[in-house]
Amino acid sequence: MTDPADLTIKAAGAAMRAGELTSVDLTEAVLDRARITESHLHAFLTLDQDGAKAAAAAADAALTGGADAGPLHGIPIALKDNMCTKGIETTASSQILSGWIPPYNATVVDRLGAAGAVVVGKTNLDEFAMGSSTENSAYGTTRNPWDPETVPGGSSGGSAAAVAVGSALGAFGSDTGGSIRQPAALCGVVGMKPTYGLVSRYGLIAFASSLDQIGPFARSVEDAAVLLEAIAGFDIHDATSIRGDVPNIRGSLHDGVAGLKVGIVTELSTTGIDAEVRAAVDQTVDGLSNAGAEVVDVSLPSCEYGLSAYYLIAPAECSANLARFDGVRFGLRAEGATTEEMMAATRAEGFGPEVIRRILLGTYALSAGYYDAFYGQAQRVRTLIRREFAAAYEDVDVLVAPTSPTTAFPVGERAADPIAMYYSDVCTIPVNLTGDPAISVPVALDSKGLPIGFQVMAPALGEERLFQVAQTVEDIAGFTARAGLASSEVLQP
Amino acid sequence: MPVEIDIAKVASLARIALSPEELRRYGDQLGAILEHAERVQQLPTAGIPPTSHPVPMTNAFRDDVVTGSLPLADVLAGAPEAEDGYFRVPPVLGDS
């Protein structure tokens with residue numbers, strides 16, 4: 001019999017409603033999986049075992065009483081530790097927030113509670129979501145469950161690893177430049193960044209406010225859609241939240257791709273992309289073609305400047321957002337004779353090297369005399385990229401590309417070279433700049449046995465079409481492999 | 001060419017107290033990163049408006065009704081130092 005920790009959300013929900021599984025049993029199975037694998041992975045910063053068991057028992061009682069909250073009822077999920085959870089430590093993997101207990105929940109946390117989900121814990125990330133490997137955490141590196149000598153990607157590496165190994169059936173991360181999609185690709189799970197403004201960012205510790213968006217990790221495209229449905233929609237507490245109806249998300253899931261037009265983004269699919277990744281992407285594109293899609297090459301020349309624009313815009317916004325961490329209202333405080341000295345000492349002690357690097361970079365890009373040449377120019381390039389994507393969508397329904405230029409890389413390999421690390425996000429950054437939705441679906445393993453992700457992108461609020469194509473990709477790829485740690489002797493009693 | 005920057009001034013603006021050795025290291029790294037970032041200047045953008053935000057919206061208003069706020073004690077519970085319902089900080093004005 002399948003260990004409940006390895007079920008999809010859909011299968012677990014069906015088993016619960018058939019009386020074959022309880023949320024308590026499912027949650028115990030997931031917590032057992034975490035207990036066995038955490039010494040290898042370190043996916044979690046906090047495991048809330050007591051809270052999860054209590055929530056699971058309440059979910060079982062509610063279901064027995066006829067109160068079915070929907071597809072996430074009783075489902076154990078994990079949250080990236082940059083989402084505020086009332087009463088549960090939230091650190092964003094930074095020393096500067098060590099021990100901080102939020103006095104309120106992020107909107108997504110409240111919505112997941114209302115949907116009946118069971119939160120098992122808070123997952124590791126690159127400090128303040130700045131990184132592509134989860135090596136920048138102040139609390140230790142997360143490992144990839146496919147090969148613990150490699151990174152899980154980042155910044156939401158803990159959430160990706162937890163879902164891949166079975167320590168949660170689904171998870172949430174945040175995606176500023178690829179921080180959901182890239183770790184999903186490297187860990188062989190589905191990861192999705194919604195349209196900017198579709199999901200409330202209230203209670204998400206801000207990194208770059210014009211780019212950040214919360215989204216799901218899952219072991220199937222349909223599970224990812226279900227997770228997104230639970231959190232999407234207008235929130236009065238987020239001024240950037242889109243008013244109006246939530247787009248249909250699962251309506252066309254199984255409609256296939258016959259008659260759709262798919263564009264391969266040349267600039268994201270050729271130069272600098274690993275040969276095995278390219279081959280897997282080509283094979284998937286052939287599959288879409290065989291399934292009835294019309295496939296064309298699309299050139300988006302400004303994309304080549306996306307990485308450069310991003311590494312001005314994101315640090316500029318981060319330098320403003322992280323000004324709030326000054327030792328006054330929450331978190332760490334270092335000694336200082338004056339308030340200003342205290343603030344400067346606190347920030348030097350509390351922030352890790354990558355965060356300091358980006359704050360300095362952003363401060364410089366926004367400072368007098370350099371603003372227009374750097375930040376202003378990056379914003380104009382952002383307009384050019386948006387226009388090119390919009391023009392492409394006049395002709396095609398979706399765009400596709402690799403999610404990551406390589407599969408999982410060895411721990412330490414890029415840690416000392418910021419520019420090499422930044423290049424990890426080259427394929428994912430453009431849609432953060434445009435605000436459009438995108439998803440990564442695992443399609444194959446490379447010769448080292450590491451997963452390869454295929455990225456689908458759609459116009460803003462085009463989630464229904466995005467999930468439709470992603471479901472077809474999942475169907476034609478038939479990717480059923482599980483991470484080594486989720487299937488090895490490690491799990492044997 | 002790596003970009004030359006006055007890293008001590010930038011660190012001061014950012015309110016981060018760094019040692020001379022740290023200033024040198026971050027200065028070198030930022031110079032190299034900015035060399036790449038400068039590529040944005042290769043694109044002609046005359047007449048192109050900047051994008052500050054992906055969703056075109058101006059103001060986001062809510063109804064003008066009184067709602068609850070967090071209890072003071074809960075808010076101050078996370079503060080490094082608090083007194084009489086206020087955040088407490090070291091002297092704002094130094095000797096100098």
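Lettering follows sequence order; numbering is per chain, from 1. Note that the coordinates shown come from a computational prediction; the quantities given were computed from them, not determined experimentally.
- By the 6.0 Å and 45° rule, A:Arg357 does not stack over the aromatic ring of B:Tyr26.
- Counting only distance, with no hydrogens or angles, the side chain of A:Thr338 and the backbone of B:Pro91 share no donor-acceptor pair below 3.5 Å.
- For chain A, the option among B:Ile7, B:Val55, B:Leu34, B:Leu18 with the highest count of heavy-atom pairs below 4.5 Å is B:Leu34.
- Residues that satisfy the side chain to side chain contact (heavy atoms under 4.5 Å, CB included) test with A:Ala314, not counting sequence neighbours, are A:Phe207, A:Ala208, A:Leu211, A:Tyr310.
- Comparing A:Tyr370, A:Tyr104, A:Phe374 by how many heavy-atom pairs each has under 4.5 Å with chain B, the most go to A:Phe374.
- Note: A:Gln377 leads A:Met342, A:Gln377, A:Met343 in heavy-atom pairs under 4.5 Å with chain B.
- Heavy-atom pairs under 4.5 Å with chain B peak, among A:Leu433, A:Ile419, A:Val381, A:Asn432, at A:Ile419.
- Highest contact tally toward chain B, considering only A:Ala373, A:Ser319, A:Ala344, A:Gly306, is held by A:Ala344 [criterion: heavy-atom pairs under 4.5 Å].
- For a residue to count as touching a neighbouring chain, one of its non-hydrogen atoms must lie under 4.5 Å from one of that chain's; by this rule B:Leu70 touches chain A with the side chain only.
- Across B:Leu43, B:Leu13, B:Asp6, the residue that shares the most heavy-atom pairs under 4.5 angstrom with chain A is B:Leu43.
- For chain A, the nearby part of B:Gln29 is the side chain; its heavy atoms alone come within less than 4.5 Å.
- For A:Glu341, there are no salt bridge (charged side-chain N to carboxylate O under 4.0 Å, His left out) partners two or more places apart in sequence or in a different chain.
- Formation of a donor-acceptor pair under 3.5 Å by the A:Asp175 side chain with backbone atoms of A:Gly215 is not found in this model.
- The distance from the CG atom of A:Leu360 to the CD1 atom of B:Ile33 is 9.5 Å, given to the nearest 0.5 Å.
- The distance from atom NE2 of B:His53 to atom CZ of A:Arg382, rounded to the nearest 0.5 Å, is 8.0 Å.
- Proximity to chain B among residues 324-331 of chain A is limited to A:Gly327, A:Val328, A:Arg329, A:Phe330, A:Gly331, judged by heavy-atom separations below 4.5 angstrom.
- Neither the backbone nor the side chain of A:Thr346 comes within contact range of chain B, judged by heavy atoms closer than 4.5 Å.
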For residues 71-84 of chain B, which side-chain donor-acceptor pairs fall under 3.5 Å, sequence neighbours excluded?
unit_1, atom_1, unit_2, atom_2, d
B:Glu81, OE1, A:Arg333, NH1, 3.1
B:Glu81, OE2, B:Arg88, NE, 3.1
B:Glu83, OE1, B:Arg88, NH1, 2.8

